[in-house]
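Worksheet: one structure, shown below.
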Amino acid sequence: MASTGRTPRLLAYRTEDPKVGVGAVIWAEGKSGGCDGTGRLYLVGCGYNAYPVGSEYGQYPQMDTKQQDRQRRKYRYIIHAEQNALTFRSEEIREEENTMLFVTKCPCDECVPLIRGAGIKQIYTTDLDSGKDKGDISYLRFHSLQGVLKFIWQKSSLARRASEHAGPHLANGCVRKHGRQPEQALQSNKRLRMAMFSFRVRTMSAGFLWDLPNSGMVAGPLLG
Ligand SMILES: Nc1ccn([C@H]2C[C@H](O)[C@@H](COP(=O)(O)OP(=O)(O)OP(=O)(O)O)O2)c(=O)n1
């Protein structure tokens, strides 16, 4: 189960978006157990935010050229991680099975109905951009989504504090080329790395809490 949370974060590094990498993985709970460390879970699909499949380098502009357009939507041609995971699924989503989506950014208002319509029963995501209205992409519908169990991964307060001081890190996990970092920054990055290990799933409601086996994370359902 530990790999369920790690895989979307690794996928996010493959992004073609220069600023934000988003990874999404869909797992389903099968009837019989496997011996690959994921228990009864099997992979349904995965994706990351990227330009349409088969597109050539430079075929789509990275950003809109007009400033006005940029404010509406920066990366108009990028397909979201969840959309890619749904489009390129290798297994069909079966009504009788528990299917879950793990995604490293809160699903946007366009993705929410697609996820719901695909028959996904649980969404594990982060609080990144949750509840925000950012012009063309807004993240307001997720909280009102009914009939799907929602779980929020939240960086621990230590990780949050450390990341505020971790200057050289870019949002998609890349590290800018820098000279020697001062000792304080190195210590801060070390704290960040350690704190990242203690990523936890935190409920936003007063619902019950339970442990995800082997993951060291705690999850709780969100009220719909
Ligand atoms: N659930 C989501 C949310 C976003 N994305 C992708 C689409 C874009 O490639 C990238 C950035 O989306 P936003 O416009 O929301 O965010 P930024 O954080 O880049 O913008 P801002 O600087 O406006 O905060 O993430 C995604 O794949 N899946």
Side-chain angles (χ1 to χ4, degrees), residues 4-27 44-55 57-89 99-118 120-145 148-155 159-160 163-164 166-167 169-174 176 199 201 204 222:
T4 52
R6 203 177 303 132
T7 319
R9 274 185 276 151
L10 288 175
L11 272 171
Y13 281 84
R14 303 208 56 170
T15 186
E16 290 172 348
D17 179 331
K19 190 183 160 211
V20 186
V22 184
V25 179
I26 304 168
W27 294 92
V44 173
C46 59
Y48 53 91
N49 51 335
Y51 291 103
V53 69
S55 55
Y57 182 75
Q59 187 177 346
Y60 293 94
Q62 218 170 55
M63 279 193 187
D64 297 307
T65 44
K66 293 187 195 133
Q67 184 62 27
Q68 200 187 3
D69 274 353
R70 197 174 297 172
Q71 280 163 5
R72 281 209 297 271
R73 182 174 238 180
K74 288 181 302 176
Y75 310 122
R76 163 183 311 278
Y77 303 100
I78 282 191
I79 316 274
H80 284 197
E82 305 90 313
Q83 293 168 349
N84 271 325
L86 286 169
T87 307
F88 296 106
R89 56 184 185 256
T99 308
M100 48 203 104
L101 170 81
F102 290 75
V103 57
T104 59
K105 201 173 199 234
C106 177
C108 75
D109 291 356
E110 285 173 21
C111 290
V112 161
L114 296 178
I115 296 166
R116 174 87 172 86
I120 285 168
K121 301 205 173 57
Q122 296 181 358
I123 302 173
Y124 293 80
T125 186
T126 65
D127 56 355
L128 203 61
D129 283 334
S130 166
K132 285 191 193 161
D133 189 354
K134 293 163 59 174
D136 217 25
I137 301 188
S138 59
Y139 300 85
L140 302 172
R141 286 193 189 187
F142 181 66
H143 290 289
S144 57
L145 178 63
V148 179
L149 278 175
K150 291 170 271 175
F151 302 87
I152 306 287
W153 251 312
Q154 202 179 47
K155 286 184 196 177
R160 201 181 281 281
S163 65
E164 279 164 15
H169 285 267
L170 291 175
N172 61 4
C174 303
R176 285 200 191 101
F199 245 70
V201 180
M204 286 177 64
L222 284 171

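Whatever order the structure lists them in is the order used to number ligands and atoms, beginning at 1. Excluded from the calculations below are hydrogen atoms, water molecules and symmetry mates; all remaining heavy atoms, backbone and side chain alike, are included.
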With a 4.0 Å cut-off on heavy atoms, is [X] touching ligand 1?
X: Ile137; value: yes
X: Cys111; value: no
X: Tyr48; value: no

For [X], counting its heavy atoms only, list the atoms of ligand 1 lying under 4.0 Å from any of them.
X: Pro107; answer: 1 (N)
X: Asp17; answer: 8 (C), 9 (O), 10 (C), 11 (C)
X: Lys19; answer: 17 (P), 18 (O), 19 (O), 20 (O), 21 (P), 22 (O), 24 (O)
X: Val20; answer: 17 (P), 18 (O), 19 (O)
X: Tyr139; answer: 3 (C), 4 (C), 12 (O), 13 (P), 15 (O)
X: Val22; answer: 5 (N), 6 (C), 25 (O), 26 (C), 27 (O), 28 (N)

Any donor-acceptor pair under 3.5 Å from [X] side chain to [Y] backbone:
X: Lys150; Y: Phe142; value: yes
X: Thr126; Y: Leu128; value: yes
X: Thr15; Y: Ala12; value: no

Identify which one of Ile78, Thr104, Asn84 satisfies the side chain to side chain contact (heavy atoms under 4.5 Å, CB included) criterion when paired with Val22.
Thr104
Any side-chain heavy atom of Tyr77 within less than 4.5 Å of one from Gln59?
no
Thr99 versus Ile26: any side-chain heavy-atom pair under 4.5 Å?
yes
Do any nitrogen or oxygen atoms of Cys106 lie less than 3.5 angstrom from nitrogen or oxygen atoms of ligand 1?
yes
With heavy atoms and a 4.0 Å threshold, my read on which part of His80 contacts ligand 1 is both
Does Gln83 approach ligand 1 within less than 4.0 angstrom via side chain, backbone, both or neither, non-hydrogen atoms only?
neither
Check the angle between the aromatic planes of Tyr124 and Phe102 and answer parallel, tilted or perpendicular using the 30° and 60° thresholds.
parallel
Under the criterion side-chain contact (heavy atoms from CB on, under 4.5 Å), I'd like the reasoning laid out for Ile115 against Val103: C-alpha separation, chi angles, the key distance, then a yes or no.
CA-CA 11 Å; Ile115 296 166; Val103 57; 5.9 Å; no
